[in-house]
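Before any comments, here is the structure.
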Amino acid sequence: LMHRYALSHGFALTFSAVPEAYLDEFRALNPKTITEIEGWSDYVYCAEAFATFAGKKMNKKRNQLHKFETQHPEATTEPITDANRGEVMDFYRQLASTVKDEPLARYEYRQVGRMLDNLEHFPFISQVLKADGRVVGFSIAEIVNDTLHAHIEKVDHSYAGATEYLNRALMNHALAI
């Protein structure tokens, strides 16, 4: 359907990260190029491993997590709600002000803002990370069958290990559902 639409309107159709199981169907569309994306398997984890960071493969992430826990024992996580949404948006505004003012960055900023404004209308789960009395990260994800898709993840990277702490909290929240 998308292929026919693109052809009828005269623009190129681009696909990214086509699962290997669908490559034969994809090849039937006569794509100009197919390029394997090296290294993306690093972003696919077993849920239990990601919730605990157990095993040799997770050693660096586990070390970052422990660093954050040691430096911020008061850190908390909770779902994004009406009660904390303003804090999350304030954090995101400040974080977004530090990136280059480019069209894609502005577009992302608007889309993340829309998502935060309308979060209750989507079947998503979320977590906000607080340390030092303020928001230092948040994540919004969706569970589809047996896979957790993290759609948005924003973290103040000056907090070493905050990403790992937030990811673990999100995965544990997902596993509890």
Side-chain angles (χ1 to χ4, degrees), residues 16-19 21 37 39-99 104-105 107-177:
S16 178
V18 175
I37 303 172
W40 273 38
S41 64
D42 290 349
Y43 296 99
V44 178
Y45 299 96
C46 170
E48 286 75 19
F50 211 60
T52 63
F53 291 107
K56 186 177 179 180
K57 183 178 178 181
M58 301 298 248
N59 191 44
K60 287 182 182 179
K61 292 183 181 304
R62 188 173 50 254
N63 289 341
Q64 288 292 324
L65 173 68
H66 291 319
K67 184 175 185 176
F68 182 84
E69 289 174 324
T70 300
Q71 293 177 347
H72 305 283
E74 84 297 346
T76 61
T77 58
E78 62 191 29
I80 298 173
T81 64
D82 287 341
N84 63 24
R85 193 181 325 237
E87 288 178 87
V88 172
M89 198 61 213
D90 289 345
F91 162 77
Y92 184 57
R93 269 189 219 98
Q94 193 282 322
L95 192 68
S97 72
T98 66
V99 299
L104 186 58
Y107 176 76
E108 179 186 22
Y109 176 78
R110 286 190 310 271
Q111 294 305 96
V112 170
R114 285 182 183 143
M115 179 62 67
L116 286 169
D117 287 343
N118 295 287
L119 193 56
E120 66 277 3
H121 300 292
F122 296 96
F124 297 157
I125 62 171
S126 63
Q127 288 287 287
V128 57
L129 171 60
K130 294 182 180 182
D132 296 332
R134 66 183 196 87
V135 172
V136 298
F138 69 94
S139 188
I140 299 172
E142 176 180 22
I143 300 170
V144 178
N145 298 322
D146 67 347
T147 305
L148 178 73
H149 297 269
H151 295 298
I152 299 170
E153 178 182 272
K154 301 296 178 187
V155 176
D156 179 344
H157 293 289
S158 69
Y159 284 79
T163 300
E164 290 76 12
Y165 193 93
L166 180 60
N167 287 336
R168 182 184 65 181
L170 183 69
M171 184 58 71
N172 284 323
H173 180 66
L175 289 172
I177 294 175

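Just the heavy atoms: all of them, side chains too, but no hydrogens, waters or symmetry mates, feed the values below.
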What heavy-atom pair brings F68 and A160 nearest, and what distance separates the two atoms? CB-O, 3.3 Å

So which atom in Y165 and which in L65 form the shortest heavy-atom distance, rounded to 0.1 Å? CA-CD1, 3.5 Å

Could you pull out the closest heavy-atom pair between P79 and H173, with the gap in Å? CG-CE1, 4.1 Å

Counting distance only, does the side-chain N/O of S139 pair as donor-acceptor with the main-chain N or O of I152 below 3.5 Å? yes

Note: L166 and G137 closest approach over all heavy atoms is CD2-C, 4.0 Å

State the CG-CD distance between D156 and Q94, to the nearest 0.5 angstrom. 7.0 Å

Sorted by chain and number, sequence neighbours left out, side chain to side chain donor-acceptor pair (under 3.5 Å) with S97 holds for none

Any side-chain heavy-atom pair of I140 and I125 under 4.5 Å: no

Basic-acidic side-chain contact under 4.0 Å: R168, E69: yes

Mind checking whether R93 and D90 have side chains closer than 4.5 Å, heavy atoms only? yes

Evaluate the ring planes of F138 and F91, with Trp represented by its six-membered ring, and classify them as parallel (under 30°), tilted (30 to 60°) or perpendicular (over 60°). perpendicular

Assign the ring pair F122 / F124 to parallel, tilted or perpendicular, where the plane angle (0 to 90°) is split at 30° and 60°. parallel

Using salt bridge (charged side-chain N to carboxylate O under 4.0 Å, His left out), reason through E78 and K130 one step at a time and then give a plain yes or no. CA-CA 9 Å; E78 62 191 29; K130 294 182 180 182; 3.6 Å; yes

Minimal heavy-atom distance between A141 and A150, with the atoms involved, is CB-CA, 3.8 Å

If I compare all heavy atoms of M89 with all of G113, which pair ends up nearest, and what's the gap? CE-CA, 3.9 Å

Do the side chains of L119 and M115 get nearer than 4.5 Å, heavy atoms only? yes

State, with a plain yes or no, whether a side-chain heavy atom of L95 is found less than 4.5 Å away from one of Y109. no

Do side-chain atoms of N84 reach the backbone of T81 as a donor and acceptor pair under 3.5 angstrom? yes

With sequence neighbours excluded, what pairs up with R85 under the side chain to side chain donor-acceptor pair (under 3.5 Å) test? D82, E120

Hey, mind stepping through E108 and K154 against salt bridge (charged side-chain N to carboxylate O under 4.0 Å, His left out) and telling me if it holds? CA-CA 12 Å; E108 179 186 22; K154 301 296 178 187; 2.5 Å; yes

Is there side-chain contact between V155 and V136, with at least one heavy-atom pair below 4.5 Å? no

Expected output: side-chain R110 to main-chain A105 donor-acceptor under 3.5 Å: no

Could you list the residues that satisfy side chain to side chain donor-acceptor pair (under 3.5 Å) with T77, not counting sequence neighbours? Q127

Is it the case that the side chain of D132 and the backbone of R134 share a donor-acceptor pair, with hydrogens and angles ignored and the cut-off at 3.5 Å? no

State the CG-CG distance between N172 and N167, to the nearest 0.5 angstrom. 11.0 Å

Main chain of F53, side chain of R62: is a donor-acceptor contact present, judged purely on distance under 3.5 Å? yes

